[in-house]
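Report on one structure; see the data block that follows.
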Amino acid sequence: GVRGVDHWVIDEAGNAWAGMGYHDEKWTFVWHTAPDRPWKRRDQLGRRDAEIYPLAMMPDRRQLVVLDRAHGNTTQLATFDLAAETLAAIFRHEAVDVIGCLRWGFKQEPCAALYETDRSRRHFFQPEAEQCYRSVSAALPDTDLWLTSFSRDNQRVVVQAENDRDPGSFFLLDRSTGQLGVIGAARSALPPESSAPSRVFDLTSRDGMKLSGRITLPIETKRPPLIV
């Protein structure tokens with residue numbers, strides 16, 4: 001192992017390509033260009049968050065997908081070239097940070113930047129994954145969707161759907177037929193109709209700062225409570 005590294009990026013064969021860790025008040029980022037090559041190392045002192053945080057390996061085995069906090073006002077998703085040691089932007093949202101990378105398929109290849117506004121949002125850069133998510137979203141509207149498990153040929157997919165009233169329901173998607181079958185619910189004793197819906201609102205403060213929030217009102221409330 002490498003001292004101070006406790007988070008590793010590996011491929012489907014189990015080869016480690018990069019690692020990250022915090023030790024002795026510094027972040028340590030390590031990588032190499034091939035499994036038989038020596039590790040390269042970059043240390044970062046004096047910051048709470050790592051400037052570059054590796055998340056996944058691209059299929060070409062030449063680039064990492066990373067969170068880049070060093071450039072711009074918000075965290076972006078970028079690629080890090082293992083040989084050239086350069087960053088290239090994938091996606092940045094102008095108002096909120098990218099918080100992760102969505103994976104696709106049995107090999108769990110990176111497919112989308114993940115960020116949150118009023119709900120979980122994705123910016124896709126893998127067309128097959130985007131098409132699958134769009135088709136499932138059309139069948140299960142107004143839900144946050146997660147493709148949690150895949151068959152080896154990516155034709156059978158376990159789908160988790162959730163929203164403010166449903167803590168999670170699970171479905172089995174057969175991509176060859178387009179059929180979406182019910183598996184079960186995470187909290188079957190809590191029917192969605194018994195929960196109150198929530199809504200997101202935006203407001204501007206006196207100093208011009210734009211703020212947002214989420215409010216949930218009791219079901220069948222004619223006069224909402226006063227919140228101070």
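All residue numbers refer to positions in the sequence shown, counting from 1. Just so we're clear, the structure is a prediction, and the values are computed from it rather than from any experiment.
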Other residues, nucleotides, ligands: >12 heavy atoms within 6.0 Å of [X] [atom1]:
X    : atom1 : result
E12  : CD    : yes
N73  : CG    : no
H7   : NE2   : yes
R121 : CZ    : yes
K40  : NZ    : yes

Plane angle bin for F124 and Y133 - parallel if under 30°, tilted between 30 and 60°, otherwise perpendicular: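 The rings of Y133 and F124 sit tilted, inter-plane angle from 30° to 60°.
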Quick one: closest heavy-atom pair of [X] and [Y], and the distance?
X    : Y    : value
V98  : A113 : CG1-CB, 4.1 Å
N154 : W104 : ND2-NE1, 4.3 Å
D6   : G21  : OD1-CA, 3.7 Å
W8   : A16  : CE3-CB, 4.1 Å
D142 : N163 : O-ND2, 3.2 Å
S151 : Q155 : OG-N, 3.3 Å

Okay, side chain of [X], backbone of [Y]: is any donor-acceptor separation there less than 3.5 Å?
X   : Y   : result
R61 : M58 : yes
R69 : A50 : yes
Q63 : A78 : no
T33 : A83 : no
D97 : I99 : no
E85 : L82 : no

Are [X] and [Y] packed together at the side-chain level, in the sense that at least one heavy-atom pair is separated by less than 4.5 angstrom?
X    : Y    : answer
F150 : Q108 : yes
P110 : L55  : no
V182 : S169 : no
F106 : S149 : no
R156 : L172 : yes
L77  : F125 : yes

In Å, rounded to the nearest 0.5 Å, how long is the span from [atom1] of [X] to [atom2] of [Y]?
X    : Y    : atom1 : atom2 : answer
L140 : L180 : CG    : CG    : 5.0 Å
W27  : D49  : CH2   : CG    : 7.0 Å
R92  : Y115 : CZ    : OH    : 14.0 Å
Q76  : H123 : CD    : NE2   : 11.5 Å
R119 : E162 : CZ    : CD    : 10.0 Å
R62  : M57  : CZ    : CE    : 12.0 Å

Steps toward side chain to side chain donor-acceptor pair (under 3.5 Å) verdict (T28, D43): CA-CA 5 Å; T28 297; D43 291 327; 3.0 Å; yes
Pair W31 + F29: ring centers closer than 6.0 Å: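 Aromatic pair counts; centres sit under 6.0 Å.
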Could you see if [X] belongs to whatever hydrophobic cluster contains [Y]? Use Ile, Leu, Val, Met, Phe, Trp, Tyr and a side-chain cutoff under 4.5 Å.
X    : Y    : answer
I90  : I52  : yes
L67  : L87  : yes
V158 : L147 : no
Y53  : F80  : yes
L173 : F170 : no

salt_bridge(R42, E51) N-O dist < 4.0 Å: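 E51 and R42: not salt-bridged.
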Derivation of the side-chain contact (heavy atoms from CB on, under 4.5 Å) call for R175 and E128: CA-CA 11 Å; R175 296 179 65 209; E128 184 181 7; 3.2 Å; yes
